Amino acid sequence: MSAFARLLFGRRARLRWIHLILGGALAMPYVLVGSVVIGPATGSTDVFGSLPLQLASFGVGLPLAAVTSLFPLTRPLESAAVRWLCGVEADRLALTPARARGEKGRTAAWFTLHLGFGGIIAGMSLALPPFAAMLIVLPVLAGLRGDRLGLPEAFDHTWVLALAPVAGAASLVALAGCAAGCGALLARWAPPLLGPTPRERLAAAEARAADLAVRNRLARELHDSVGHALSAVTLQASAARRVLDSDPEFVREALAAIEDTTRRTVGELDAVLGVLREGDAPGTAPAPTLAADLDGLLRRTRAGGQRVSATVDADPEALPPLLSREAYRIVQEGLSNALKHAGERAAVELRIAVTGGDLEITVENPVDGPAPSRAGGGHGLRGIADRARLLGGTATAGPTATRTWRLHVTLPMTGPL
C-alpha cells in the first residue's frame, strides 16, 4: 500500500506532475490562438463555454506548438526540464540545440506530447479537486441544511448521498493516477525523442577519448620523469650515506648528481604540465629526447653507483623527433625499473639499435628474489607498452632463463609517426 502511495504521491510523481502543469501552462497561448480560429469557424461567441469547442481549440493549438518548437533552443530547454523534473539521467538527453531535420522532428513530437498531456492534466487538476471536495463534504452540508441543495433527483436516495465522499476521493486518486501515468510515459519517451543522435554520441565519445588520452599521456610523463628521478636520487643518496666518511669525493659527485637530477626534473615537470596548456608557454623547457639527453641520463644513473653499460648502434640525431622523445622515456623507465629491482651494484645492459627499419631498445638486468610481474601492477611497464602501441610498435618484458629481467621494445622508424 505504501509503495502504491509513493507511486501516486511520492516526490518523483509530484515533480512529474509539476512538469505536466508547466506543459499545460505552455499550451494556453496556443489554445487561445486556436479559439480565435474555432470561434469564427463555428459562429460561436463563447468558445470556452463549450467543452467540445475547448477541445477543438486545443486540437488546433497543438500543431501550432509543433511548428514553434522547431527553434533550436527548444530541445536544450525541454531536456533541462526533463532532467530535473522527470528524473531522466543527463547522459540520455541532448543538451545542445537541434540542428538537423530529424532532430527537429523528434523535438517537435516531444513538445507536442508534453503540451498535449500537460494541457489535459492541467485541465483535470483545475476541475477535479473542487468537484471532489464538493462530493466529500456534500453529506455534511445536506445534513446541516436539511434539504438536497437543489441537487439532481439521483441524490434523493440516501445511499447515493452516502457514496458521494467515496466518489470524491476516488476522483482524486484517479487524477493522481492519470498524472503519474502521463509523467511516466513522458519520462520513458524523453530519451528517444530528446536524446542525442548517433552522430552526437560519436562526437561526445571522441571528445571523452581525446580528454582521456591527454590525461593518460600526462600520467605517463609524470610517472616516467618524476618516478625515475626519485628512484635515482634515492639510490644516489643511499650510496653517498654509506661512504660519507670513507670517500668524500664520491659523496660530492653523488650530491652533484642529485642536484642535477632534481634541476632537470623540475624542467621536465614544467614541460609535462605544458600538455595541459593549449601551447607551450615562453621559456618552457623542451621535452627530453634520445639525441640530446641520453648521455645525461646515463651519467645521472651511474652517479648512484649503478653499473650501466650502453651500446648504441644507431644515430639518435637521425630519429624523428616524436620517436626520439618516446624512446627517451622508454629508456628512462627501463633504467628506473632496473634501479628498483636489480640491486645497487648489479650490472645493467642497455642496447639501442636500428634493425630492419625498426628502432630496438633492450634493457637487461639480473633479478634478486622473485621477478616482478607485469600483472602485479607496474605502471611503468604499462606506460612503456602504451607508448610502443601508440607508435605502432611492440613491448615485451619478463624474466629469462638466465635469471635476468629483459625489456625489449621495437618501434617502427616510419608509420604512425
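Computation of the quantities below employed the complete heavy-atom set of this structure, encompassing side-chain atoms and omitting hydrogens, waters and symmetry-equivalent molecules. Values in this document were obtained by computation on a predicted structure and should not be read as measured data.
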Spacing of Leu359 atom CG and Asp313 atom CG [to the nearest 0.5 Å]: 11.0 Å
Partners meeting side chain to side chain donor-acceptor pair (under 3.5 Å) with Glu89 (sequence neighbours left out): none
Side chain to side chain donor-acceptor pair (under 3.5 Å) against Glu103, all qualifying residues, sequence neighbours excluded: Arg199
Heavy-atom check, side chain of Leu62 versus side chain of Leu115, under 4.5 Å: yes
Residue list, side chain to side chain contact (heavy atoms under 4.5 Å, CB included) with Arg188, at least two apart or on another chain: none
Shortest non-hydrogen contact from Ile121 toward Cys182: CD1-SG, 4.0 Å
Identified side chain to side chain contact (heavy atoms under 4.5 Å, CB included) partner of Asp293 from the options Thr289, Leu297, Asp295: Thr289
Exercise: identify the closest heavy-atom pair between Arg75 and Gly195: NH1-O, 4.0 Å
Test log, rule side chain to side chain contact (heavy atoms under 4.5 Å, CB included), inputs Ser125 and Ile21: CA-CA 8 Å; Ser125 299; Ile21 296 298; 3.8 Å; yes
Check against side chain to side chain contact (heavy atoms under 4.5 Å, CB included), Leu335 and Val308: CA-CA 9 Å; Leu335 294 177; Val308 180; 4.2 Å; yes
Side-chain donor/acceptor of Ser79 to backbone N/O of Ala94, under 3.5 Å: yes
From CA spacing to verdict: salt bridge (charged side-chain N to carboxylate O under 4.0 Å, His left out), Glu364, Arg351: CA-CA 9 Å; Glu364 288 190 9; Arg351 294 188 297 276; 3.4 Å; yes
Pairwise side-chain contact, Ile352 with Thr311, heavy-atom cut-off 4.5 Å (strictly under): no
Leu294 side, atom CG; Leu298 side, atom CG - distance, nearest 0.5 Å: 4.5 Å
Side-chain donor/acceptor of Thr112 to backbone N/O of Ala108, under 3.5 Å: yes
Nearest-0.5 Å distance, CD1 of residue Ile384 to CG of residue Leu407: 4.5 Å
Flag, side chain of Thr74 to backbone of Ser69, donor-acceptor distance under 3.5 Å: yes
Atom pair OH/CG of Tyr328 and Leu319 - distance to nearest 0.5 Å: 15.0 Å
Non-hydrogen atoms of Ala187 and Val88 that approach each other most closely: O-CG2, 3.8 Å
With Leu350, the side chain to side chain contact (heavy atoms under 4.5 Å, CB included) member among Ile361, Val312, Asn365: Ile361
Residue pairs, two or more places apart or on separate chains, that pass ring pair (Phe, Tyr, Trp, His ring centres under 6.0 Å) and touch residues 7-56: His19-His114
Heavy-atom side-chain contact between Thr96 and Pro76 under 4.5 Å: no
Donor on one side chain, acceptor on other, Trp110 and Glu78, under 3.5 Å: yes
Value rounded to 0.5 Å, distance of SG in Cys86 from CG in Leu186: 6.0 Å
Those residues that, when tested against Ala388, pass side chain to side chain contact (heavy atoms under 4.5 Å, CB included) (two or more places apart): Ala395, Val409, Leu411
Residue pair Ile120 / Phe58, side-chain heavy-atom distance below 4.5 Å: yes
SB check Glu249 Arg252 (cutoff 4.0 Å): yes
Polar contact flag, side-chain donor to acceptor under 3.5 angstrom, Thr396-His408: no
Minimum heavy-atom distance between Ser35 and Ser57, given as atom pair plus value: CA-OG, 3.3 Å
Selection residues 36-48 - residue pairs positive for side-chain hydrogen bond (donor to acceptor under 3.5 Å, both in side chains), sequence neighbours left out: none
Side-chain (Thr355) to main-chain (Asp358) donor-acceptor, under 3.5 angstrom: no
Passing option when Ser171 is tested against Leu128, Ile136, Val166 for side chain to side chain contact (heavy atoms under 4.5 Å, CB included): Leu128
Value rounded to 0.5 Å, distance of CD in Gln332 from CG in Asn337: 11.0 Å
Leu323 vs Met413 side-chain heavy atoms within contact, under 4.5 Å: yes
Gly49 to Gln54 - nearest heavy-atom pair and separation: N-NE2, 4.4 Å
Pairwise side-chain contact, Thr404 with Pro399, heavy-atom cut-off 4.5 Å (strictly under): no
Side chain Arg106, main chain Pro192, donor-acceptor under 3.5 Å: yes
pair Leu322-Leu391: side-chain heavy atoms closer than 4.5 Å: yes
Ser324 side-chain N/O to Pro321 backbone N/O, donor-acceptor pair under 3.5 Å: no
Heavy-atom closest pair, residues Ala190 and Val82: CB-CG1, 3.6 Å
